[in-house]
Enquirer: 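Got a structure for you, written out below as structure tokens; questions coming shortly.
Model, not experiment: these values are computed from the prediction.
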Amino acid sequence: MVYHCVQEDLWLSAFPIGTEWENIDKIKEFNWNFENLEKALEEGGKLYGKTVYVFGSTEPQLLDVDGESKIVLIPIVVAVDCPFPPSDKIGINSVQRENEEIVPMRAMKMAWVPYVPLKDRLSRMESLKTKIFTLGCTQRRSALKHLKTERVKKFDYCMPYYMPLSPPEDEDDTVVNIMYPLEPPIVCDFDWEMDDYEDFIDEKVKDEVLPEDEKEKFKDFIKERVRERKRELKQAKEARKKAIDDLDPKLKEAMQNIRFYKFYPVKTKDTPDVSKVQAKYINRYYRQAHELL
């Protein structure tokens, strides 16, 4: 298939997952250019002739805008080179949320949809042999006011889910995040292999962040968080093993050869320079991109 018909709107067709609804319009504050994405899909490009799944997101960064430092919401695009959808699930996770949720895309009104170039929009979608799919969301912003606040906020914490065949770096992590409900709350990390409970708690009392009469409650709180984290890691390891064992051989081969490409906007006279803030990190599930293009 020839990709020279790919239009400049491809990056806009991918829903900027995880971006707060009230900030989505800020993406269009600048006339961003993703010529690099278009070139990668054209003949001679890295993704030419491949089956590609594309999703968008945003990264707030402090950039120089006309000589002034300003927080800019930078759109980014991730292209997944894989003959099958990398996942049909969404992860819902944030610092504010106690528990991670993994839900079907449809639960958040999202799905992989064929990308149809502008020039072909008048044709019947079914007749197009496109190999580009974008992550779409059918939730109408105008209907948000009818939803409960908790439901609306879930969209802010969404990120594309992916379960790699290799275990995540934190699978054997021994650190738990602690947020103990005091005023102000105690926020810290506890390493159950490196830290001693008594010494750790005495240090908090010494630093005057924990009252003496809260020591036992704080200790019980930490121990419960450690038990929860160990249980989560055990369940995740078992779930990974079962999922890999159950994989169709063709799908397993595809997953072994999957590639992630991350795109930032190219520099133009109308847009701020993002070259110094580019990073391969995608999210906690996809981890790092294989290449920045």
Enquirer: Can you give me the closest heavy-atom contact between C137 and M108, atom names plus distance?
Expert: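 In this case the closest contact between C137 and M108 is SG-O, 3.9 Å.
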Enquirer: Salt bridge between K219 and E216, side-chain N to carboxylate O under 4.0 Å?
Expert: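 No salt bridge links K219 with E216.
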Enquirer: Could you grab the distance from atom CG of D81 to atom NZ of K131, nearest 0.5 Å is fine?
Expert: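 If we round to the nearest 0.5 Å, D81:CG and K131:NZ are 10.5 Å apart.
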Enquirer: Decide whether Y115 and D9 meet the rule of one side-chain donor and one side-chain acceptor closer than 3.5 Å.
Expert: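 There is such a pair (donor and acceptor under 3.5 Å, judged by atom type) between the side chains of Y115 and D9.
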Enquirer: Could you walk me through whether K153 and D156 satisfy the salt bridge (Lys or Arg N to Asp or Glu O under 4.0 Å) test, starting with their C-alpha distance in whole Å, then the side-chain angles of each, then the deciding distance to 0.1 Å, before giving a yes or no?
Expert: CA-CA 5 Å; K153 295 302 283 182; D156 300 346; 3.1 Å; yes
Enquirer: Would K223 and Y197 count as a cation-pi pair here, with the cationic atom under 6.0 angstrom from the ring centre and within 45° of the axis?
Expert: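 Yes, a cation-pi geometry holds between K223 and Y197.
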Enquirer: With a 4.0 Å cut-off on N to O distance, would you call R106 and D88 a salt bridge?
Expert: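 Salt bridge: no.
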Enquirer: Under a 4.5 Å cut-off applied to non-hydrogen side-chain atoms, are C158 and M110 in contact?
Expert: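 Heavy-atom side-chain distance check passes, below 4.5 Å.
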Enquirer: If we only count heavy atoms from C-beta on, is the V176 to E228 side-chain gap below 4.5 Å?
Expert: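 Not touching, per the 4.5 Å side-chain cut-off.
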Enquirer: Do V103 and K89 pass the side chain to side chain contact (heavy atoms under 4.5 Å, CB included) test, and can you show the C-alpha distance, the side-chain angles, and the key distance before you say yes or no?
Expert: CA-CA 5 Å; V103 301; K89 293 180 174 59; over 6 Å; no
Enquirer: With a cut-off of under 6.0 Å to the ring centre and 45° to the axis, is K204 in cation-pi contact with F200?
Expert: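 Positive - K204 is close enough to the ring of F200 and near enough to its axis.
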Enquirer: Minimum heavy-atom separation for K26 to L73, with atom names?
Expert: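 Answer, listing the atom of K26 first, then L73: CB-CD2, 4.3 Å.
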Enquirer: Taking K242 first and then D246, would you say they form a salt bridge - that is, a charged N and a carboxylate O separated by under 4.0 Å?
Expert: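 Yes, this pair counts.
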Enquirer: Looking only at heavy atoms, which two atoms of S87 and Y162 are closest? And how far apart?
Expert: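 Smallest heavy-atom distance, with atoms named: CB-CA, 4.4 Å.
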Enquirer: Checking T268 against D270: is there a side-chain donor and acceptor pair closer than 3.5 Å?
Expert: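 No, T268 and D270 have no side-chain donor paired with an acceptor closer than 3.5 Å.
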Enquirer: Is it the case that one hydrophobic cluster holds both V77 and Y281, taking links as side-chain heavy atoms less than 4.5 Å apart, direct or via other members?
Expert: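 No, it is not one cluster - the side chains of V77 and Y281 are not joined through contacts under 4.5 Å.
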Enquirer: Would you mind checking if E224 and R227 are paired as a salt bridge, meaning a charged N to carboxylate O distance below 4.0 Å?
Expert: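 Looking at R227 and E224, the cut-off is met.
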Enquirer: Checking D196 side chain against E198 main chain: does a donor-acceptor pair fall under 3.5 Å?
Expert: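 Side chain of D196 to backbone of E198: a pair is present.
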Enquirer: Below 4.5 Å, heavy atoms only, C-beta onward: do V52 and L41 meet side chain to side chain?
Expert: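 Yes - at least one pair of side-chain heavy atoms lies under 4.5 Å apart.
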Enquirer: Can you measure from CG (L10) to CZ (F34) and round to the nearest 0.5 angstrom?
Expert: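 Here the rounded value is 9.5 Å.
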Enquirer: May I have the step-by-step check of side chain to side chain contact (heavy atoms under 4.5 Å, CB included) for V226 and F221, ending in yes or no?
Expert: CA-CA 9 Å; V226 169; F221 184 87; over 6 Å; no
Enquirer: Is it the case that more than 12 heavy atoms not belonging to K267 sit under 6.0 Å from its NZ atom?
Expert: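 For K267, atom NZ is crowded (more than 12 foreign heavy atoms under 6.0 Å).
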Enquirer: If two hydrophobic side chains count as joined below 4.5 Å and joins carry through other members, does V65 share a cluster with V266?
Expert: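 Different hydrophobic clusters.
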Enquirer: I'd like to know whether E101 forms a side chain to side chain donor-acceptor pair (under 3.5 Å) with Y157, so could you lay out the CA-CA distance, the side-chain angles of the two residues, the decisive distance to 0.1 Å, and finally the verdict.
Expert: CA-CA 10 Å; E101 279 186 83; Y157 304 139; over 6 Å; no
Enquirer: Salt bridge check, E253 against K250: does any charged N sit closer than 4.0 Å to a carboxylate O?
Expert: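 Looking at K250 and E253, the cut-off is not met.
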Enquirer: With hydrophobic residues grouped by side-chain heavy-atom distances under 4.5 Å, do Y180 and I222 end up in a single group?
Expert: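 In one cluster: yes.
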Enquirer: Rounded to the nearest 0.5 Å, what separation is found between the CG atom of L135 and the OG atom of S13?
Expert: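 Here the interatomic distance stands at 11.5 Å.
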Enquirer: I'd like to know whether CG of N31 has more than 12 heavy-atom contacts from other residues, nucleotides or ligands below 6.0 angstrom.
Expert: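 At most 12 heavy atoms, drawn from other residues, nucleotides or ligands, come within 6.0 Å of this atom.
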Enquirer: Does either side chain, that of D191 or that of T174, offer a donor lying less than 3.5 Å from an acceptor on the other one?
Expert: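 Judged by distance alone, the side chains do pair up.
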Enquirer: Can you tell which of D64, I27, L63, T58 makes a side-chain contact (heavy atoms from CB on, under 4.5 Å) with V72?
Expert: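 Testing V72 for a side-chain contact (heavy atoms from CB on, under 4.5 Å) against D64, I27, L63, T58 leaves exactly one candidate, L63.
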Enquirer: Please check if atom CD in E238 has more than 12 non-hydrogen atoms from other residues, nucleotides or ligands closer than 6.0 Å.
Expert: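 Counting other residues, nucleotides and ligands, CD of E238 exceeds 12 neighbours.
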Enquirer: Got a sec: does the CD of E68 have more than 12 other heavy atoms crowding it under 6.0 Å?
Expert: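 At most 12 heavy atoms, drawn from other residues, nucleotides or ligands, come within 6.0 Å of this atom.
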Enquirer: Can you tell me how far apart CD (E29) and NZ (K70) are? Round to the nearest 0.5 Å.
Expert: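 If I round to the nearest 0.5 Å, the distance is 3.5 Å.
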Enquirer: Decide whether W32 and V277 are clustered together by the hydrophobic rule: side chain heavy atoms of Ile, Leu, Val, Met, Phe, Trp, Tyr closer than 4.5 Å, transitively.
Expert: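 As far as the 4.5 Å side-chain criterion goes, V277 and W32 are connected within one cluster.
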Enquirer: Should Y285 and M159 count as side-chain neighbours, where that means a heavy-atom distance under 4.5 Å?
Expert: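 In short, these two side chains touch, coming nearer than 4.5 Å.
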Enquirer: Apply the test side chain to side chain contact (heavy atoms under 4.5 Å, CB included) to residues Y261 and H290: give CA-CA distance (whole Å), side-chain angles for both, the deciding distance (0.1 Å), then the verdict.
Expert: CA-CA 6 Å; Y261 299 89; H290 294 94; 5.6 Å; no
Enquirer: Do the side chains of K241 and D245 get close enough for a salt bridge, i.e. N-O under 4.0 angstrom?
Expert: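 Yes.
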Enquirer: Heavy-atom distance under 4.5 Å between the side chains of F30 and P265, does that happen here?
Expert: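 Not in contact.
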Enquirer: Quick one: do N93 and R284 satisfy side chain to side chain contact (heavy atoms under 4.5 Å, CB included)? Show the steps, please.
Expert: CA-CA 10 Å; N93 207 311; R284 61 177 296 171; 2.6 Å; yes
Enquirer: Hey, any chance Y286 and L293 share a hydrophobic cluster, counting ILVMFWY side chains that come within less than 4.5 Å of each other, even indirectly?
Expert: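 Per the 4.5 Å side-chain linkage, Y286 and L293 are co-clustered.
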Enquirer: Can you check whether C82's main-chain N or O pairs, donor with acceptor, with K50's side chain at less than 3.5 Å?
Expert: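 Checking the backbone N and O of C82 against the side chain of K50, no donor-acceptor pair under 3.5 Å is found.
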Enquirer: Roughly how far apart are K217 NZ and I201 CD1, rounded to 0.5 Å?
Expert: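 The NZ atom of K217 sits 13.5 Å away from the CD1 atom of I201.
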Enquirer: Do S57 side-chain atoms and I17 backbone N/O form a donor-acceptor pair below 3.5 Å?
Expert: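 Answer holds: yes.
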Enquirer: If we only count heavy atoms from C-beta on, is the F218 to I178 side-chain gap below 4.5 Å?
Expert: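 Yes, close enough: below the 4.5 Å cut-off.
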Enquirer: When the ring centroid of F133 is compared with that of W112, is the distance short of 6.0 Å?
Expert: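 Between F133 and W112, the centre distance exceeds or equals 6.0 Å.
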Enquirer: Where is the tightest heavy-atom contact between I90 and P160, given as atom of each residue plus distance?
Expert: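 Residues I90 and P160, closest heavy atoms: CD1-CA, 4.2 Å.
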Enquirer: Check whether the side chains of K46 and Y48 place a donor and an acceptor atom closer than 3.5 Å, and report yes or no.
Expert: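 Side chains of K46 and Y48: no pair found under 3.5 Å.
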Enquirer: Taking all atoms of both residues into account, what is the closest heavy-atom pair of I102 and G91, and its distance?
Expert: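 What the structure gives for the nearest pair is CD1-CA, 4.0 Å.
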Enquirer: Taking the side chain as C-beta and beyond, is there a heavy-atom pair between F84 and I258 under 4.5 Å?
Expert: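 F84 does not reach I258 side chain to side chain.
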Enquirer: Would you say the side chain of V113 lies within less than 4.5 Å of the side chain of T134, judging by non-hydrogen atoms?
Expert: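 They are in side-chain contact.
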Enquirer: When you check the gap from the basic side-chain N to the acidic O, do E291 and K280 get nearer than 4.0 Å?
Expert: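 The answer is no: the pair does not qualify as a salt bridge.
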Enquirer: If I compare all heavy atoms of F260 with all of I282, which pair ends up nearest, and what's the gap?
Expert: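 So the minimum-distance heavy-atom pair works out to CB-CD1, 3.9 Å.
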Enquirer: Quick check for you: to the nearest 0.5 Å, what is the distance between E59 atom CD and Q61 atom CD?
Expert: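 The CD atom of E59 sits 6.0 Å away from the CD atom of Q61.
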